Structures are given as structure tokens and as C-alpha cells.
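Single-structure report; data block below.
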Protein chains: 2
Amino acid sequence: MAADRTRTAIITAAERLYAERGFADVTMRDIVAAADVNLAAVNYHFGSKDELIAELFVTRSIATNRERRALVGPTLRGCLGPDREGSTAARFMIRASIESVPPIRKIKTREVDHLKRFAAALRRALPDHDPADIFWALHFALALAHQTIRDTERLTRMSDGLCDLDDVQGIIDRVVAVALAALTGKPARIKTRA
Amino acid sequence: MAADRTRTAIITAAERLYAERGFADVTMRDIVAAADVNLAAVNYHFGSKDELIAELFVTRSIATNRERRALVGPTLRGCLGPDREGSTAARFMIRASIESVPPIRKIKTREVDHLKRFAAALRRALPDHDPADIFWALHFALALAHQTIRDTERLTRMSDGLCDLDDVQGIIDRVVAVALAALTGKPARIKTRA
DNA sequence: GTCTATACTGGGATAGAC
DNA sequence: GTCTATCCCAGTATAGAC
């Protein structure tokens, strides 16, 4: 009971601090201070700092993957747009995308089941396609979505602010158009907006 | 003279160790042991560990960007393929792509001049295109190349080895096809190989 | 079973001797 | 310019209180 309270306090504080300041800047001593628990409690409940981060990431990933049926839409919607500052969970996942700390990197490369399920659905939907092409297209679609989140600042700089990162639906349209082009060979022209 | 020798020894050892074992695993003490110089020499010559990493990355980036006229080809060729183990420089740059350590991340988002030059050339070549579309296409092209290097292992796992990461020319063809689709709205179908 | 205080190890940085 | 000694702070381990 009390154990649960400590565990939860650590998780809540850690997620918030990592979301706000990034992985590189937040120490375990910062976390336990914010959670108002003892330093050793982290190792007692989670084993190590990396396992705490892994647990945070896995918990959020399960939530994300459950809503991931459109693959890239939910992620982009959660991570971009003017109200992206709202959710601590979303900001934590943005950090996880950008900073790619070792424990999270490991999980990402190991856990591919949900992607395999997605690929299987695509293969059923497109029986004429070379399976390798489908995997490549899926890989490219994920790359587009992920790097768009990751490199928003670079895109803003390179375009001198011309590209509108707040138009989330427009970005999703672009990503989906290019991903579809990769998949089906259909034209990828973006419907230009007024 | 002797100063130069020390500096060079540090740089050489650091690049090799980072390339072999990644940023997370290599300490300054490892580097000075390999370079056979004193621990304090790193701080004296480079200021800090992060600045040493930054210097390594900038040096390699200048070399890469100079040959970057085709934007993604040289990078992919350097980072993929069966002989990718050959060059320490290439392996260092792969590490830099995958692990995205803070000093390198900062440089990447700040230094966009070479991309601006590339975008300017594209705008001259495609005067009818919306400039924002061109920036987006460039952003997507970089995303495809970068994540393809970054997530090779995930792609291999997800496709159960079906996607051939050793066929570098085939990969470049795929990336270019999709990037072109993003840019011109032309079909992106991949020429399937025998 | 939970939690605390505290000690340990190893990392990067720095002051000052040479 | 170089080296030694030392400092500070990080994550971790442990002994023992409750």
C-alpha cells in the first residue's frame, strides 16, 4: 500500500522531470527530491535508473501502440501541434524520440511485434506486392513520422520558419502521402492549402 | 609540435574507441589510456569531453558535407553495405547517427547552412514548386536516409531478415524514389530486382 | 516487505607544481 | 604544455530501522 505510493511517486516525478528537462539533465537525486522519497527507493523498486526509464517508456508505449492502428497519426498528433505542451506523457515520449537514451533504444529495436502485426495486415490488403517492398514502405513511413518529430527544430531553421509545424493535420497529410507513394507507387503530390 | 602529437593521438584514439564501442561505453580514462597521454590533456586541448566529441563530429561532417552533393548517396554508401566495417570514420558517423549524444545533437540542429544551399539549388531547379513543399521534401529525404541507417536492426527484425541491408545501391534507389515522389509528385514505384 | 542513512565506486573537471 | 593530485557529483550497494 505504502509501497505503491512510493513507486507511483517516483514514476510520476520521473516522467515529469524527464519530460521537462530531458534525460541528460535529470539525476536520480533530482527525482527522489521531487518525489520526496529516499534515494535508495529507486533501486529498491526498479533495480536501476535505466530500468526506471525502461518502465516509463514501456508503459507509455503500450498506451501509444494500442491507439496506433493508423500507425503514424496518433503519434504525430500527440507530439506536434500548438497544444503539444499539454500532456506530460506526450512530452516524455517526445524526449524519448529525440534523446534516444540506451535503455529506450534497446526496447525499440527489440520490440517489433506490433509492427509485424501491422505489416501482416498490409500484406493481406496488398497480396500482389512483394513482401519486402511492404516492409520497406512501412520502414519509410515510420522514418518519416519519427524524424519529423525529432527534427522539427532543424526544419524550422532550414526553412526560416516557412514550414508550419503547428498545422498537424497538414503534416499528417504530407507524411501519409509520401508513405502511400512508397507503398503503392501512386503519386505523392500534396494537396496545397490556401 | 609535441602538443600537436598529443592532440592528434587523442583524436585518433577517441574516434576509434567511439566507433568500436559507442559513446556510452567509452570513458575519458579509456581514451587517454589508448592514446598514452595524461588524463588532463583532454581538458587542456579540448576543454571537455563534450567538446572533444563535437570536434570529432564537426571534422567528419565537413568531410561528409563536402561530398554531399547528392545529399543522401554518400552517407548511405558510407554507412551501409557489407564493407561498412572498413572505415573508422564511417563507423564513428554511424555511432553519431544512432546514439545522438547531446553535443552532436546540438550541432546537427544548429548547422543547417549546407542544407539551405541544397534547398536553394532545388528552388532554382523547380521554380514552379511551393518553397515550403521543397523544404518538406528535403526534410523527408533526410529523414528516410537517416532513419534507414539508424533503424537497420529494427527493419531486419521486423522483416525477419527479408529486407536486404547489404544491397546498398538498391537501398539508395528506394530512398531516392520515395524522396523524388515527395518532391515532384511522380510515382515512386521501386524497380524490383531479380 | 519498505524504507532510510550512509558508504562505495567511477566518471569528468580543475588547481597548481613542474 | 604536461602531469599529479584532488575535487565533486553521478549511480549503486548495503546495513539496519521500522
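Convention: sequence-line order gives letters A, B, ...; per-chain numbering from 1. Bear in mind the structure is a predicted one, so any value in this text is a computation, not a measurement. Only this structure's heavy atoms are used, side chains among them; waters, hydrogens and symmetry mates stay out.
For A/F23 and A/F92, the ring centers are positioned less than 6.0 Å apart.
For the pair B/F23 CZ and C/dG12 P, the computed distance is 13 Å after rounding to whole Å. The nearest whole Å value for the distance from the CG atom in B/L17 to the P atom in C/dG11 is 13 Å. The CD1 atom of A/I31 sits 18 Å away from the P atom of D/dC9 (whole-angstrom rounding).
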## Note on the structure
Per-nt protein contacts along nucleotides 11-18 of chain D (heavy atom under 4.0 Å; B base, S backbone sugar-phosphate only, - none) come out as BBBB----

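Here the side chain of A/D151 pairs no donor or acceptor atom with the backbone of A/R154 at under 3.5 angstrom.
Looking at every heavy atom in both residues, A/E20 comes nearest to A/R95 through O-NH2, 2.9 Å.
Taking only side-chain nitrogens and oxygens, A/Y44 never comes nearer than 4.0 Å to OP1 or OP2 of C/dC3. An OP1 or OP2 oxygen of C/dG1 is reached within less than 4.0 angstrom by no side-chain nitrogen or oxygen of A/H45.
Side-chain N/O atoms of B/E51 and B/S48 include a donor and acceptor closer than 3.5 Å.
Qualifying side chain to side chain donor-acceptor pair (under 3.5 Å) partners for A/R21, counting only residues two or more places apart in sequence or in other chains: A/D30.
Under the 30°/60° scheme for interplanar angles, the aromatic rings of B/W136 and B/H139 are found to stand perpendicular.
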